[in-house]
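What follows is a single structure, written as structure tokens, with notes after it.
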Number of protein chains: 2
Amino acid sequence: MSERHPEADPAATSGGLVSGPDGAEAERTETEERIFEAALRVFARKGRDGARMQEIADEAAINKAMLHYYFRSKDRLYAQVFHYVFHRFDRAFFEAVERAGEDSFAAALESFVDHYIDFIGHHLDVLKLMVNEFLDGGAVIRHEVTAMIATGQAPPQRFARLIARAVEAGEIAPVDPRHFLVTLVSGCLFPLIAFPMVSTLIPEAVDDYEGFLEARKKNLLDVLRRGIEPRSG
Amino acid sequence: MSERHPEADPAATSGGLVSGPDGAEAERTETEERIFEAALRVFARKGRDGARMQEIADEAAINKAMLHYYFRSKDRLYAQVFHYVFHRFDRAFFEAVERAGEDSFAAALESFVDHYIDFIGHHLDVLKLMVNEFLDGGAVIRHEVTAMIATGQAPPQRFARLIARAVEAGEIAPVDPRHFLVTLVSGCLFPLIAFPMVSTLIPEAVDDYEGFLEARKKNLLDVLRRGIEPRSG
DNA sequence: CGGTCTGTCAACCATTTGGTTAGATGCCAT
DNA sequence: ATGGCATCTAACCAAATGGTTGACAGACCG
């Protein structure tokens with residue numbers, strides 16, 4: 001059961017992108033699909049400006065003209081890919097929180113860490129593209145986030161409220177909900193981004209990626225759970 | 001005392017790069033210096049391939065030919081900048097650990113978080129360029145790290161041993177030193193990278209960046225210190 | 001069978017990009 | 001002054017890059 005870190009074989013970190021024909025969007029050609037996934041991969045590692053159309057075409061094993069046939073321009077292609085990624089990123093968080101609607105906060109926390117690390121750990125390109133956008137100033141992100149918050153359903157805010165309630169109920173120590181959330185998410189995501197560095201400290205992670213993910217979950221949970229236990233003194 | 005997040009004014013996140021004429025390297029022209037810092041800024045946000053020589057020249061407010069006059073090619077310029085950044089990144093960690101040579105582990109931890117967040121928080125470009133390299137696969141990083149580890153002085157390993165000793169001494173709960181270190185560093189660095197996202201959750205961070213850094217230190221330390229307190233029962 | 005519509009491709013085009021060069025400018029020792 | 005040297009610049013060049021086009025192949029339909 002020891003799978004290597006995805007960097008080894010390509011295409012492994014984009015994950016199944018478009019679920020079946022759920023009628024929402026016009027069905028995509030297989031070619032269109034291939035382009036989209038290849039674009040995600042290349043944009044994720046090279047960034048918007050660093051990515052080359054030819055490289056995307058090569059990665060998708062199709063003619064470069066097809067990129068423009070289906071997506072008109074590099075900007076439009078990037079926009080579509082990023083928009084998709086943002087919502088995937090958002091949804092991952094949302095679902096992790098939803099399933100975390102457990103009875104105790106401790107259980108919710110455990111469920112969140114489990115689902116979040118699982119999803120992002122297997123869709124690394126989604127995270128990478130997101131981070132790429134951070135590095136470039138995140139103008140697009142702020143735009144998308146603003147739109148998201150406007151819906152009143154912004155998952156991070158919801159989770160922060162969940163934490164706040166646990167504090168009020170005395171279920172956990174009085175932490176700042178927003179900062180605790182930031183620390184939590186940091187502990188989930190950063191090790192995945194910084195894998196090239198982390199793996200020099202934890203070499204086994206390269207040959208047993210799944211094991212690494214599980215170890216991260218366990219160790220992060222151990223520290224955080226203890227870190228917010230209410231004081232009975 | 002409320003300074004805005006560095007994204008606002010340029011040049012603020014590279015920090016003073018080359019310290020005075022300490023004789024180590026041949027002294028640099030003021031122009032050379034300007035190029036170097038501009039290159040760091042542009043590479044940090046656009047990545048190796050995304051960066052344009054013209055953009056670097058513009059940022060440094062000098063003629064593009066000067067880039068080649070002083071650094072021959074884009075590759076060489078990038079190599080020099082990255083090499084510098086890597087060691088700066090490494091040194092920041094090292095110094096944070098050194099100063100953390102306190103009596104108690106708790107004090108050491110506090111000192112580390114304080115210095116590390118301070119330094120990286122004010123040299124964001126160093127971190128950003130590093131992360132850019134992560135996203136692209138980190139081949140260069142692995143190379144540098146291997147060289148670093150060969151010296152036997154690799155700071156991360158040293159800090160991991162420090163943690164291990166604290167565990168053995170019963171000073172802290174029995175955590176996995178390497179994973180605790182990863183969680184610690186994640187909590188320090190990720191919020192700085194993901195600032196565009198974090199600041200939608202913590203809007204004050206934009207107008208009071210220094211305050212944000214202090215809040216991060218405090219909240220991270222609170223959770224981690226409690227998280228590793230030894231159990232007395 | 002002829003027409004046409006979609007998908008595909010090789011070749012092509014205009015612009016951008018990394019990199020070069022010939023010559024200016026200023027400084028400093030002779 | 002003047003010759004030499006480092007620094008700097010505008011103009012230039014070849015290659016790479018985003019994007020286009022015209023032709024071709026096959027499915028579908030009358």
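Chain naming here is simple, since letters A, B, ... match the order of the sequence lines and numbering starts at 1 in each.
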Check: Under 3.5 Å, is there a donor-acceptor pair between the H115(A) and E98(A) side chains?
Finding: no
Note to self: Could you tell me how far apart M53(B) (CE) and dT17(C) (P) are, to the nearest whole angstrom?
What the structure shows: 13 Å
Next item on the list: Assess the side chains of R34(A) and T29(A): does a donor N or O sit below 3.5 Å from an acceptor N or O?
Entry: no
Note to self: Over all strands shown, is A57(B) touching base, sugar-phosphate only, or nothing at heavy-atom distances under 4.0 angstrom?
What the structure shows: nothing
Check: Does the ring center of F195(A) lie less than 6.0 Å from the ring center of F212(A)?
Finding: yes
Checklist line | Rounded interatomic separation in angstrom, taking CZ from R76(B) and C1' from dG19(C) | finding: 14 Å
Item checked: Residues R52(A), E59(A): salt bridge by 4.0 Å N-O rule -> no
Check: Side chains of T183(A) and H179(A): donor-acceptor distance under 3.5 Å anywhere?
Finding: no
Next item on the list: Determine, for E133(B) against R142(B), whether the closest basic-nitrogen to carboxylate-oxygen distance falls under 4.0 angstrom.
Entry: no
Check: Which nucleotide span of DNA chain D, 5' end to 3' end, has atoms closer than 4.0 Å to non-hydrogen atoms of chain A?
Finding: dT17(D) to dT21(D)
Next item on the list: Figure out the CG/C1' separation between D49(B) and dT16(C), and round it to whole Å.
Entry: 15 Å
Note to self: Can you tell whether the side chains of D125(A) and R41(A) come within less than 4.0 Å, N to carboxylate O?
What the structure shows: no
Next item on the list: Return the orientation label for the F86(B) and F82(B) ring planes: parallel under 30°, perpendicular over 60°, tilted otherwise.
Entry: tilted
Check: For the pair made of CZ in R72(B) and P in dT20(C), what is the distance, rounded to whole Å?
Finding: 7 Å
Atom pairs under 3.5 Å, N or O on each side, protein against nucleotides 6-11 of chain C: can you list them with distances?
residue: dG7(C); atom: OP2; partner: Y69(A); partner atom: OH; Å: 2.8
residue: dT8(C); atom: OP1; partner: T31(A); partner atom: OG1; Å: 3.0
residue: dT8(C); atom: OP2; partner: T31(A); partner atom: OG1; Å: 3.4
residue: dT8(C); atom: OP2; partner: Y70(A); partner atom: OH; Å: 3.0
residue: dC9(C); atom: OP2; partner: N63(A); partner atom: N; Å: 3.4
residue: dA10(C); atom: OP2; partner: N63(A); partner atom: ND2; Å: 3.3
residue: dA10(C); atom: N7; partner: N63(A); partner atom: ND2; Å: 3.4

Note to self: Whether H68(B) contacts dG19(C) is assessed here as follows: a side-chain N or O lying under 4.0 Å from the phosphate OP1 or OP2. Is that the case?
What the structure shows: yes
